[in-house]
Protein chains: 2
Amino acid sequence: MNEKDSKEQILRRSVEAKEIYLPHISADPVIFGFHQNELKVLLARMNYRKQWMLPGGYVKKDEDLDDAVLRILESRAGVTNVFLEEFGVFGKKNRSEYYFEDFDDSLFQKQRFISVGYYALYNSSELSPVADEMSETCEWIYLKQLPEINLAMDHREIIEKALQTLREKISHKPIGYNLLPEKFTLPELQKLYEAILGKPLNRGNFYRKIKNLGILKKLQEQRRGGAHKAPDLYSFDDHQYRKALENGLRNW
Amino acid sequence: MNEKDSKEQILRRSVEAKEIYLPHISADPVIFGFHQNELKVLLARMNYRKQWMLPGGYVKKDEDLDDAVLRILESRAGVTNVFLEEFGVFGKKNRSEYYFEDFDDSLFQKQRFISVGYYALYNSSELSPVADEMSETCEWIYLKQLPEINLAMDHREIIEKALQTLREKISHKPIGYNLLPEKFTLPELQKLYEAILGKPLNRGNFYRKIKNLGILKKLQEQRRGGAHKAPDLYSFDDHQYRKALENGLRNW
DNA sequence: GCAAAAGTGTTCGTACTACACCCATGA
DNA sequence: TCATGGGTGTAGTACGAACACTTTTGC
């Protein structure tokens, strides 16, 4: 899509948005996935300006905030059934307004927005995200790629805070449950924890710790196909997992 | 103030508010204090309806959200120099609108508000709060009194969530530093932790733990006047305290 | 058979728990 | 002097860190 078309698209959307959405309030979800031993986030590349953004959106005038976020996740990223939690509010003046500087001030998107940040944990094996009409693409970006890409507004700061929150919550929220496929191996789980915490963990100690929590079910299968010893497959024991989380899992 | 006067006051404030504040966004601070071994929160009793409310407010059109909260704290409760942190967003539809049901829908205060919750830690010995023109009184309410009082809107839920956040953050934020006077005794500090966590702690173990953190300075004074052995006075070592908090203090 | 990854066992030190004991103070 | 709360010491235990050892797999 060329620049002229994308500008017209933004103008059309402004008219519509003024009808249905609350002014000044937006929600920005940071959707985490885990693949190939790396953490990744789901970002949209906008037609306008070709910058990357969080797949955020607005809140309808007669819609609960939480419902709005669920709707935004589904419509902008094709994501449903995720763990979702608010982690911060971004309310500096001019954090987003300047982005649409070549538009008239009456543009809905150009007003001041206070944005509520949510982090989501998404088991990406189930389905792949879709781009909506506003975005050229919507795709997974690995954390290690982030420094290289062009992120709009304060969205880099929002992602940083989301990641920091993820680290702090790792002992209290069902991180593994929502980021791994139903069946997984202990080495995979360890890689996930290492990716979130950003540091290596000792294998033996990790195994014993995680097993002592009593939240895993060892399956009668193994992951074949690797070059070495076949690791055992596990799945989470839903009931035990939730019970353990009430106390907090542990410190890692 | 009678009901007619308080209604007129609300109407005058509506006209003014439409000029200066962003619509649909409010901030509600839960200000904690500690006195007589009990936690307390600072609440305003409104002229209108005689209900208790958090001393919240609105965000100016050209003001950072964080600055707005500082301004609100000072103007509504006479509180400055507090530890302050966002802990949640309250965005259900009709969470506050019904409160002003006997007013016209055009009233600023009656629109839908998404409210950002902040918790504040206030060393209450320094100065006593003042009521602003909207409130009959603004005063400390002990947590144990809360079940008896008439709280407006969803403010009980907001306070609950603030308290829960305080519990979760007790190992990672300078709770004691901001809720105790400059000089304090170990029994006082222990009572504070017990009040927040809602359970008794073992004295000997608490002393050793807190001392091993290396964040306390033992003073060459004691608190005289009690009926028994005079306890030693301590104060926090600012530098060491902040350093320790980076890692998180401990699990309690 | 060998390299590499998966899984288990062992040792050591630290930190938490529970509880006992001594100390200081005012009545 | 005695009751009470403040302060310190100690034995037992649990758990994490570090590391060694065994097992299993594909090449």
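Scope of the values below: all heavy atoms of this structure, side chains included, with no hydrogens, waters or symmetry mates. The shown structure was predicted, so the numbers you read here are calculated from the model rather than taken from an experiment. Below, read A as the first sequence line, B as the second, and so on, with proteins coming before strands; counting in each chain starts at 1.
- Taking 4.0 angstrom as the limit, B:Arg203 places none of its side-chain polar atoms (N or O) nearer than this to OP1 or OP2 of D:dG6.
- B:Glu157 and B:Arg95 are not joined by a salt bridge, as no carboxylate oxygen comes within less than 4.0 angstrom of a charged side-chain nitrogen.
- In this structure, the CG atom of B:Asn202 is 13 Å from the C1' atom of D:dG9, given to the nearest Å.
- Nearest to the side-chain atoms of B:Asp232 among the listed nucleotides C:dT25, D:dG7, D:dT25 stands D:dG7.
- With hydrogens and angles left out, the side-chain atoms of B:Glu160 and B:Gln164 include no donor and acceptor closer than 3.5 Å.
- Residue B:Lys229 contributes atom NZ, which lies 20 Å from atom P of D:dC2 at whole-angstrom precision.
- Remark: C1' of D:dG7 and CG of B:Leu233 are 14 Å apart, rounded to the nearest angstrom.
- Rounding to whole angstrom units, CD1 of residue A:Ile210 and C1' of D:dA17 are separated by 17 Å.
- Nearer the 5' end of DNA chain D, as judged by each residue's closest nucleotide, is the contact made by B:Pro231, out of B:Pro231 and A:His228.
- B:Leu189 places its CG atom 13 Å from the P atom of D:dG6, with the value rounded to the nearest Å.
- Taking the six-membered ring where the residue is Trp, the centroids of A:Phe236 and A:Phe184 are separated by under 6.0 Å.
- Counting any heavy atom pair closer than 4.0 Å across all strands shown, B:Arg208 reaches a base atom.
- An OP1 or OP2 oxygen of C:dT8 is reached within less than 4.0 angstrom by a side-chain nitrogen or oxygen of A:Lys211.
- Going from atom OH of A:Tyr207 over to atom C1' of C:dG9 covers 15 Å, rounded to whole Å.
- For A:Leu213 and D:dG16, the CG to P distance is 9 Å, given to the nearest whole Å.
- Residue side chain B:Asn205 reaches the base of C:dA18 through a donor-acceptor N/O pair under 3.5 Å, judged by distance alone.
- With sequence neighbours left out, the ring pair (Phe, Tyr, Trp, His ring centres under 6.0 Å) criterion links B:Tyr207 to no other residue.
- Atom CD of B:Gln190 is separated from atom P of D:dG5 by 13 Å (rounded to the nearest Å).
- Partner A:Tyr118 forms a side-chain contact (heavy atoms from CB on, under 4.5 Å) with one of A:Ile31, A:Asp66, A:Asp28 and no other, that one being A:Asp66.
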